[in-house]
Amino acid sequence: RFLLPVIGVFVLFALYTAYWLHAKSTIEDQVGVWIARQESAGYVIEQDRLRVTGFPYRFQVELTAPRVHAPQSDGAWFARLDMLKAHALFYDFKHWIVEFDGPLWLEYGNAPATTLQLDAELALVSLVSNSVGETIRIGAEFDGFTVTAVNGDAPDVESIDRLLLSGLVTEDDTLRVRFEATGVSTSPSAFTPDVRRAFGNTAELARMDLSVTHWATLANDADAAAWSRAGGQLEIAESALEWGPAHLSGVGEFTLDRTTQPDGRLSLRITDPDALADALVQSKLVPAENEQALRLAAMMAPRGPEGVALPFRVRDGGVYLGPVRLGDIAN
């Protein structure tokens with residue numbers, strides 16, 4: 001009777017080992033199926049080695065030196081990485097955490113191609129799927145994120161101290177996304193010298209909580225016009241920006257018009273409207289002839305504990321405050 005517990009433990013261990021080895025084989029097969037599916041769509045995916053480790057508590061899929069060539073229809077970009085890892089607990093294959101090791105090199109564009117080196121102190125992506133394999137929840141965390149142009153034009157964003165993102169597809173086909181970035185530094189070429197002098201090169205905070213209705217229409221075909229015709233809307237439930245004299249928060253609703261231009265409204269709460277008006281005119285984002293209209297609207301707008309609330313209208317490629325066109329979206 002003293003040997004029975006020991007024998008039971010050995011039997012359970014043997015059964016679990018058999019389960020783990022079977023699951024490992026299944027994971028390897030599924031990775032191969034996924035790669036074959038992408039290659040049938042025109043992608044070329046290569047790696048030096050594929051292995052599954054992590055026994056006994058988890059499964060870890062390791063791709064050593066993965067390389068991806070996209071087809072011409074998807075931009076003909078090329079990406080390579082030192083190591084890609086995906087982790088899952090032994091009892092939950094619907095939740096995977098993807099870890100990126102080493103810098104990511106991304107090449108795109110016609111000759112001469114642009115080459116970017118993306119790196120981070122920490123880069124994790126969480127993926128949760130449903131029973132049929134569709135991704136319904138995504139999360140991401142990046143610390144010390146940097147982008148360096150090896151060849152070609154410099155990117156607009158050079159570095160982000162910390163980036164958090166979460167997304168969820170609800171049962172009513174709505175994508176809900178929340179992201180927050182702190183310490184967002186831009187490159188010298190991202191804005192004109194006037195804008196940099198007025199606002200600086202680094203935004204202390206950028207945060208947004210938004211939802212996209214009719215998500216399947218947009219995700220399946222990437223056709224913004226069809227998404228708009230289906231009644232799709234982008235709703236901003238919360239947003240905040242702290243960038244130099246701009247300390248803003250707001251809500252809004254947007255869709256696309258017949259020419260696929262943004263069409264909607266944006267209600268902003270401005271902590272210091274006078275300082276922001278000075279910066280907007282100094283940076284030439286607002287023409288000098290509209291300065292007095294902007295200051296008058298800020299003076300007459302209702303004030304609260306969070307500052308002044310101003311309603312903006314976006315239509316016909318421009319941004320309006322009442323009847324006054326403050327500027328163009330492209331600018």
Exercise for review: Taking only Lys NZ, Arg NE, NH1 and NH2, and the carboxylate oxygens of Asp or Glu, determine whether Arg315 and Asp263 approach each other closer than 4.0 Å.
Suggested key: no
Check your understanding: Would a hydrophobic clustering, with Ile, Leu, Val, Met, Phe, Trp and Tyr connected at side-chain separations under 4.5 Å, put Val98 with Leu106?
Key -> yes
Review point. Would you say Leu163 and Ile97 are hydrophobically clustered, going by side-chain heavy atoms of ILVMFWY under 4.5 Å?
Key: no
Point to revise | Exercise: identify the closest heavy-atom pair between His95 and Ser126 | key: NE2-OG, 2.7 Å
**Study point:** Heavy-atom side-chain contact between Phe78 and His69 under 4.5 Å
**Key:** yes
Review point. For Ala190, does its backbone N or O pair with a side-chain atom of Thr186 as donor and acceptor, under 3.5 Å?
Key: no
Check your understanding: Would Glu180 and Arg162 pass as an ion pair if we require N to O under 4.0 Å?
Key -> no
Check your understanding: Going by heavy atoms in the side chains, are Thr114 and Asn151 under 4.5 Å from each other?
Key -> no
**Study point:** Sole candidate of Leu165, Val125, Leu122 that passes side-chain contact (heavy atoms from CB on, under 4.5 Å) when paired with Glu141
**Key:** Leu122
Exercise for review: Please state whether the rings of Phe59 and Tyr19 are parallel, tilted or perpendicular, taking 30° and 60° as the class boundaries.
Suggested key: perpendicular
Exercise for review: Is it possible for you to say whether Leu205 and Phe142 belong to one hydrophobic cluster, with membership spreading through side-chain heavy-atom contacts below 4.5 Å?
Suggested key: no
Check your understanding: Partners of Asp194 by salt bridge (charged side-chain N to carboxylate O under 4.0 Å, His left out), sequence neighbours excluded?
Key -> Arg197, Lys284
Check your understanding: How many angstroms lie between CG in Asp161 and OG in Ser185, if you round to the nearest 0.5 Å?
Key -> 6.5 Å
Exercise for review: For the residue pair Ser159 and Thr146, confirm or rule out a side-chain donor-acceptor distance under 3.5 Å.
Suggested key: no
Exercise for review: Could you tell me the separation between the CG atom of Asp173 and the OG1 atom of Thr217, rounded to the nearest 0.5 Å?
Suggested key: 6.5 Å
**Study point:** Partner of Gln60 under side chain to side chain donor-acceptor pair (under 3.5 Å), chosen from His87, Glu99, Arg51
**Key:** His87
**Study point:** Neighbour count above 12 (heavy atom, 6.0 Å) for Phe13 CZ
**Key:** no
Review point. Under 6.0 Å between ring centres, would you say that holds for Trp243 and Phe191?
Key: yes
Practice item. For Gly231 and Thr213, work out which heavy atoms get closest and say how close. Key: O-OG1, 3.8 Å
Check your understanding: Can you list the residues that meet the salt bridge (charged side-chain N to carboxylate O under 4.0 Å, His left out) rule with Asp48, with sequence neighbours excluded?
Key -> Arg67
Practice item. Might you work through the side-chain hydrogen bond (donor to acceptor under 3.5 Å, both in side chains) test for Glu134 and Asn130, ending with a clear yes or no? Key: CA-CA 6 Å; Glu134 299 172 333; Asn130 57 17; 3.1 Å; yes
Review point. Are Leu50 and Val44 connected in a single hydrophobic cluster, I mean Ile/Leu/Val/Met/Phe/Trp/Tyr linked by side-chain heavy atoms less than 4.5 Å apart?
Key: no
Practice item. Compute whether any side-chain donor of one residue and acceptor of the other, for Asp257 and Gln261, lie under 3.5 angstrom apart. Key: no
**Study point:** Common cluster, Val177/Ile136, ILVMFWY with side-chain heavy-atom separation under 4.5 Å
**Key:** no
**Study point:** Within-4.5 Å side-chain heavy-atom neighbours: Phe254 and Ile236
**Key:** yes
Practice item. Compare all side-chain heavy atoms of Met208 with those of Arg178 and state whether any distance is below 4.5 angstrom. Key: no
Check your understanding: Do Tyr43 and Asp74 come close enough that some side-chain heavy atom pair is under 4.5 Å?
Key -> yes
Check your understanding: Which heavy atom of Leu81 sits nearest a heavy atom of Gly102, and at what distance?
Key -> CD1-O, 3.4 Å
Practice item. Kindly give the heavy-atom pair with the smallest separation between Tyr16 and Phe55, and that separation in Å. Key: CE2-CE1, 3.9 Å
Revision key, fill the gap. What one should report as the nearest heavy-atom pair of Ala149 and Pro155 is CB-CD, 3.9 Å
Check your understanding: Any chance the side chains of Gln47 and Arg49 put a donor and an acceptor closer than 3.5 Å?
Key -> no
Review point. Passes side-chain contact (heavy atoms from CB on, under 4.5 Å), Tyr108 versus Leu116? Steps please.
Key: CA-CA 9 Å; Tyr108 61 91; Leu116 301 180; 3.8 Å; yes
Check your understanding: Which heavy atom in Ala246 sits nearest to a heavy atom in Phe199, and how many Å separate them?
Key -> CB-CE2, 3.8 Å
**Study point:** Verdict with reasoning, Lys94 to Ser131, per side-chain contact (heavy atoms from CB on, under 4.5 Å)
**Key:** CA-CA 8 Å; Lys94 295 180 181 179; Ser131 57; 4.2 Å; yes
